[in-house]
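Worth knowing before you read on, the calculation uses all heavy atoms, side chains too, and leaves out hydrogens, waters and symmetry mates. Each chain gets a letter, A, B and so on, in the order its sequence line appears, and its residues count up from 1.
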Number of protein chains: 2
Amino acid sequence: MTKEIPNALLGDVARAAGVSTASVSRVLNGAPHVSQRLRERVEAAIDKLGYVPDGAARALASRRIGAIGVLVPTLDNPVFSAWIDSLEQRLKHHDCRLLIATYRYDLDDEFAALRTLIQQGVDGVVLLGHDHREESIDLLQRRRLPFLTCWHNVNDPDCPCVGFDNALPARQLVEHLLTLGHRRLAVISAPTRTNDRARARLNSFLKTAEQAGYPISPGNIITVEYGIAEGAEAFEELMTRPQPPTAILCGNDTLAFGVMLAAQRSNKKIPEDVSITGYDNLPQSPFMNPPLTTVAVPAQALGDLVADAIIARINGNPSPHHQQLEAPLVIRRSTGPSTSG
Amino acid sequence: MTKEIPNALLGDVARAAGVSTASVSRVLNGAPHVSQRLRERVEAAIDKLGYVPDGAARALASRRIGAIGVLVPTLDNPVFSAWIDSLEQRLKHHDCRLLIATYRYDLDDEFAALRTLIQQGVDGVVLLGHDHREESIDLLQRRRLPFLTCWHNVNDPDCPCVGFDNALPARQLVEHLLTLGHRRLAVISAPTRTNDRARARLNSFLKTAEQAGYPISPGNIITVEYGIAEGAEAFEELMTRPQPPTAILCGNDTLAFGVMLAAQRSNKKIPEDVSITGYDNLPQSPFMNPPLTTVAVPAQALGDLVADAIIARINGNPSPHHQQLEAPLVIRRSTGPSTSG
DNA sequence: TTGTATGCGTTATCAG
DNA sequence: CTGATAACGCATACAA
């Protein structure tokens with residue numbers, strides 16, 4: 001038999017404790033200047049009645065909901081779920097929850113999801129990357145809602161940012177390969193249209209190679225969706241070239257996994273026949289055979305930093321407009337000297 | 001210069017359109033019996049003022065927030081993020097959003113997160129698995145909040161459930177290995193204390209082997225945390241046994257990946273030297289070398305089904321108390337005949 | 001089909 | 001330190 005008592009309200013608690021609703025509210029919110037006796041009486045009543053405050057009413061009256069919203073392209077990528085994870089944990093320390101929305105790299109969807117979050121009354125918003133609809137930033141500014149962008153390092157006066165340089169490690173990867181004697185490079189990139197991070201990486205690959213005097217031929221630049229299968233297919237396509245590349249730069253580790261697995265399958269030796277690089281440093285990367293040379297994206301540190309920064313903004317504390325983390329190269333054994341004539 | 005106009009309210013829209021607040025509300029909620037002319041006037045005013053309804057106020061007045069909450073152990077496991085993804089997409093079709101909370105397999109945290117979700121006023125709740133604190137189910141029942149459990153198939157009168165049988169495919173895996181002539185099996189399991197799915201799989205492995213007359217020796221039963229590295233370490237430990245197993249059953253695909261990579265690293269042939277099985281069928285599994293024999297957990301179908309079921313419950317429509325999906329074996333080349341003397 | 005008036009459960013501003 | 005009471009912004013009976 002379930003009890004037929006309707007859910008207890010704040011007023012019920014007040015009555016049971018013989019105090020005013022204001023006092024109950026004070027106890028609930030840990031306000032100062034409440035006598036020990038009163039607090040105990042109220043807490044007893046709360047326990048006795050199994051009272052749970054109503055978030056909607058509280059949000060309406062106080063104009064905050066104790067949660068921030070994050071807009072992430074997808075949870076499918078482990079590097080994002082790891083980031084979200086640390087973001088959420090760190091926010092918890094600030095007594096703040098996290099509302100997650102995904103938009104599958106569709107910026108119209110991102111805008112729609114942003115409206116939804118604002119409607120929910122989030123106290124702040126975190127956006128990923130620098131590619132957004134103008135309306136999104138407009139909306140945030142007009143509402144004077146604390147927000148932050150991350151995962152990039154564009155110094156845009158309109159967009160506070162906590163991120164890292166996507167281009168620099170990409171350049172270093174190319175330099176690493178050139179040093180090893182590779183001259184025929186290829187790139188497998190994620191779609192770049194609505195993804196400034198992928199774009200920055202790709203452009204940096206291409207520019208560095210070109211400036212070194214070994215431009216990457218258009219036939220060796222492949223764009224595919226995110227996924228193992230996609231990486232594997234791209235590898236097979238590259239191997240049909242009259243002069244296959246001796247080194248392949250992948251826009252992320254997952255594509256690189258696909259490439260490595262396809263290479264093994266077709267009995268190509270890594271790195272003797274072909275060197276391979278990734279970007280992310282997923283937990284799996286050091287365990288590949290051979291271990292994958294890649295870029296250690298600071299996903300977890302970024303989560304902590306973003307959490308602290310958005311909380312600071314919400315509380316009106318000063319927070320740098322532009323913060324940058326390191327994304328160091330991790331050179332492992334998937335890259336080696338070129339052995340081609 | 002940002003405009004200093006405070007955010008427009010519903011009343012402002014009404015005034016601008018020359019109608020009552022009730023009419024604006026009707027347009028907003030797509031209520032029937034609104035004339036075309038009025039609707040257009042209101043929509044124009046909304047656009048002009050950039051009006052965004054206040055979710056808190058709306059929730060308070062209507063007693064629903066248009067969102068359900070889901071409690072998931074972690075987003076770290078791709079099989080969960082894929083599930084969440086399809087759940088969210090399908091809910092969107094029902095005009096329902098998803099609030100995600102994680103609890104890292106800590107049932108006290110799960111309870112705390114549940115309270116938070118309820119406080120937020122979610123219209124329904126989805127729990128994963130059958131292991132929960134009694135208080136959690138109590139709370140849901142006392143609040144008469146529509147809820148659902150999933151990923152398991154325990155027929156508990158207290159817990160409506162949409163899931164699949166974790167034990168059956170586990171039994172089939174063991175039978176498959178026995179048929180191939182394997183007699184020395186090993187198991188690498190995820191922690192089972194707060195995870196009924198892992199427990200069901202493990203127990204089914206052990207029981208089936210024992211009943212067939214080839215019990216798995218205690219030294220060949222290893223429990224490790226989720227992760228590639230953990231799988232690799234467990235493999236190495238198993239290989240130190242005087243009589244190493246000829247086949248290894250892994251509680252999930254990620255552990256199996258770790259095992260396979262460690263096996264390759266130590267130059268063990270799969271399946272000639274050791275057969276390996278997983279559980280999940282991650283996107284990567286068919287691309288391993290060799291492709292991984294595993295169980296195809298219906299994550300995506302489960303997302304759709306769970307979405308439809310919880311929506312039905314919220315709307316008071318009949319919904320089966322117990323629904324089950326298939327989780328078929330996928331036999332690939334990581335398992336083969338035993339070649340041990 | 002449209003408008004009026006009340007209430008949703010808290011917080012916060014006052015007095016005391 | 002505590003209590004009364006007016007917001008908070010919208011939805012919804014009810015009336016017209």
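- In this entry the distance linking CG of D12(B) with P of dG9(D) reads 10 Å, nearest Å.
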Protein-proximity profile, nucleotides 6-16 of chain C, B/S/- by nucleotide at the 4.0 Å heavy-atom cutoff, equals -BBBBSBB---
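- H33(B) places its NE2 atom 14 Å from the C1' atom of dT12(D), with the value rounded to the nearest Å.
- Checked for salt-bridge contact, D123(A) and R313(A) miss the test: no charged N lies under 4.0 Å from a carboxylate O.
- Of the possible donor and acceptor atoms, one in the side chain of D106(B) sits under 3.5 Å from a partner among the backbone N and O of D108(B).
- The CZ-P distance, from R15(A) to dA4(D), rounds to 13 Å in whole Å.
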Carefully, step by step, assess H94(B) and D308(B) under the rule side-chain hydrogen bond (donor to acceptor under 3.5 Å, both in side chains). CA-CA 8 Å; H94(B) 295 286; D308(B) 294 345; 2.9 Å; yes
Which is it for R104(B) and D85(A) under the salt bridge (charged side-chain N to carboxylate O under 4.0 Å, His left out) test, yes or no, and what are the steps along the way? CA-CA 10 Å; R104(B) 308 192 158 201; D85(A) 228 60; 2.4 Å; yes
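- Atom pair R37(A):CZ and dT2(D):C1' shows a separation of 12 Å (rounding to whole Å applied).
- Distance, L38(B) CG to dG3(C) P: 6 Å, rounded to whole Å.
- Applying the salt bridge (charged side-chain N to carboxylate O under 4.0 Å, His left out) test to pairs two or more places apart or on separate chains, none has a residue in residues 19-48 of chain A.
- Using cut-offs of 30° and 60° on the angle between ring planes, the pair H130(A) and H152(A) is tilted.
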